[in-house]
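Every number for a ligand or one of its atoms is a count from 1 in the order of the listing. Counting from 1, the numbers follow the sequence of the chain as shown. Only heavy atoms go into these numbers, but all of them, side chains included; no hydrogens, no water, no symmetry mates.
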Amino acid sequence: MKTIDIIVPCYNEEEVLPLFVKETNEVIATIEHYSFRYIFVDDGSKDKTLKVLKTLASRFSNVKYISFSRNFGKESAMYAGLENSTADYVIVMDADLQHPPKMFPAMIQGIEEGNDCCALYRAKQTGESKIRQLVSKIFFSFQNNISDVKMPDGAVDYRIMSRKMVDAILKLSEVQRFSKGIFCWVGFKTKWIEYQNVERTVGETKWSLWGLFKYALDGITAFSVTPLRLIAVMGFVISLLAFIYIIVTLIQTLCFGIDVPGYVTTLCATLFLGGIIELSVGILGEYIGRIYMETKNRPIYIMGETNLDDEDIL
Ligand code: UDP
Ligand code: MG
């Protein structure tokens, strides 16, 4: 019998967790020849998530949990789950039932067809605001165009992976994680299947628009240095234009004497170049800040408590 670990990052999900386990258990009951185990990662929740997890663990022997010492973010929670998983296959999914467990049979079939991974992407972004849909669309096309990792528009962190792939992912131990990119970066045969997005039934999204923007920036800087190249290209083009302008002005001055009025030109050039320099320094700063954080080599998460046995923990 093959084993499957279901990794579920949870941040303030006390309301939805009992429902999540109920619905998922119903799906699991219909799947033969596999044994399932949950690894819930309580990401420093401020509500009673941990208490709910403990109650669930006392009712179901296959419910395991890891609790963080504080909120480290979903990326860290996913890493902790993967690091502590031991099963043949690992499923990563959200707690809020936006990743419907009824997709399990199709996912398992997908991976048993000889793939290392079966991942999902949203067919339709129902239940999302127009502005979020737009941000998401821009992000995916930007990411796919300028970096080495390619993913379909609407790719989510809901997937099943083989042990081999999970071990590869764990080797990428950067602190500022962008799992969507990491999953693609490690390679392996991935089958993409479509699913209908569902609205969050209980609780609310943990992402603000600013949070999503920072996440997108993390994604782009983690897998591409194209913005740095763009600065260099921009510098080159501006220098070239400036050189041409200097030559033209020199000739003009030599032939026709000094033309004093030039206030508007000077002002425009100063402002324009000032803006470009600020932007370039900003982009450089984004990368340098990330280098700085990464060189500290801090742990990705700190565990508060767990009900995983010693032999479960690697
Ligand atoms: N989550 C987490 N830590 C956080 C924020 C979110 O573990 O700091 C979990 C959350 O509990 C959920 C999943 O990540 O299981 C996705 O979060 P959410 O539903 O808020 O994101 P959305 O579906 O809106 O992208
Ligand atoms: Mg959600």
Side-chain angles (χ1 to χ4, degrees), residues 5-21 23-24 38-53 56 63-85 90-101 103 119-137 139-140 151 153-159 175-183 195-216 218-219 300-304 306:
D5 280 342
I6 306 170
I7 292 164
V8 193
C10 314
Y11 179 58
N12 297 345
E13 302 284 9
E14 59 172 9
E15 285 170 285
V16 82
L17 280 175
L19 194 67
F20 172 86
V21 171
E23 284 202 15
T24 312
Y38 296 94
I39 303 180
F40 289 100
V41 185
D42 167 34
D43 184 14
S45 299
K46 294 187 173 55
D47 66 357
K48 297 199 189 70
T49 297
L50 183 57
K51 211 171 144 217
V52 174
L53 287 177
L56 287 167
V63 169
K64 303 285 170 191
Y65 61 82
I66 296 166
S67 178
F68 285 178
S69 60
R70 66 165 171 86
N71 180 250
F72 280 85
K74 182 185 172 186
E75 294 290 326
S76 304
M78 282 198 282
Y79 184 85
L82 293 176
E83 197 175 40
N84 289 288
S85 71
V90 178
I91 292 177
V92 182
M93 69 192 296
D94 286 0
D96 55 10
L97 288 168
Q98 281 189 302
H99 295 166
M103 297 303 292
L120 284 90
Y121 66 94
R122 271 190 297 240
K124 218 172 68 197
Q125 297 184 318
T126 40
E128 298 239 313
S129 69
K130 281 268 178 300
I131 185 125
R132 280 189 71 160
Q133 288 185 30
L134 185 73
V135 172
S136 156
K137 228 182 166 53
F139 165 70
F140 278 108
M151 56 192 101
D153 182 4
V156 292
D157 298 328
Y158 183 19
R159 52 172 66 218
V175 183
Q176 297 155 86
R177 304 185 70 73
F178 181 70
S179 293
K180 275 192 195 25
I182 291 176
F183 292 149
Y195 83 102
Q196 293 296 328
N197 189 37
V198 273
E199 271 182 59
R200 209 180 219 280
T201 37
V202 238
E204 54 188 41
T205 175
K206 313 294 179 300
W207 292 95
S208 59
L209 207 57
W210 176 239
L212 277 177
F213 176 72
K214 280 199 295 190
Y215 180 67
D218 277 342
I300 297 172
Y301 66 93
I302 294 170
M303 203 189 284
T306 179

Test of ring centre spacing under 6.0 Å for Tyr38 and Tyr65: no

message: Under 4.0 Å from a heavy atom of Asp94: which atoms of ligand 1 are those, numbered in the order shown and with their elements?
response: 13 (C), 15 (O), 16 (C), 23 (O)

- prompt: Can you check whether Ser45 reaches Leu50 side chain to side chain, under 4.5 Å on heavy atoms?
  reply: no

- request: Evaluate the side-chain proximity of Thr49 to Phe40: yes if any heavy-atom separation is below 4.5 Å, no if none is.
  value: no

query: CG of Leu53 to SG of Cys10: how many Å apart, nearest 0.5 Å?
result: 5.5 Å

message: Once rounded to the nearest 0.5 Å, what's the spacing between atom NZ of Lys51 and atom CG of Leu56?
response: 12.5 Å

message: When you compare the side chain of Ile39 with that of Ser85, does any pair of heavy atoms fall below 4.5 Å?
response: yes

- request: Would you indicate which of Val16, Asp43, Val41 comes nearest to atom 3 (N) of ligand 1 when only heavy atoms are counted?
  value: Asp43

- request: Within a distance under 4.0 Å of any heavy atom of Cys10, pick out the atoms of ligand 1 and give their elements.
  value: 7 (O), 11 (O)

query: Which value, rounded to the nearest 0.5 Å, describes the distance between Asp94 atom CG and Lys74 atom NZ?
result: 4.0 Å

query: Counting from 1, what ligand 1 atoms have a heavy atom of Gln98 closer than 4.0 Å?
result: 19 (O), 23 (O)

- prompt: Would you say His99 and Ile91 make side-chain contact, with heavy atoms under 4.5 Å?
  reply: no

- prompt: How many N, O or S atoms of the protein are nearer than 2.8 Å to the Mg ion (ligand 2)?
  reply: 2

- prompt: For the side chain of Asp96 and the backbone of Gln98, is there at least one donor-acceptor N/O pair under 3.5 Å apart?
  reply: yes

- line: Under 4.0 Å between heavy atoms, the region of Glu13 that gets near ligand 1 turns out to be side chain

task: Examine Arg70 relative to Phe68 and say whether NZ or CZ is less than 6.0 Å from the centre of the six-membered ring and inside a 45° cone about the ring axis.
output: no

- prompt: If you measure from atom 7 (O) of ligand 1 to every heavy atom of Gly73, Pro9, Ser76, Gly81, which option wins on shortest distance?
  reply: Pro9

- line: Quick note on ligand 1: atoms under 4.0 Å from a heavy atom of Ala95 include exactly 15 (O)

query: Heavy atom under 4.0 Å from ligand 1: found in Val8's side chain, backbone, both, or neither?
result: neither

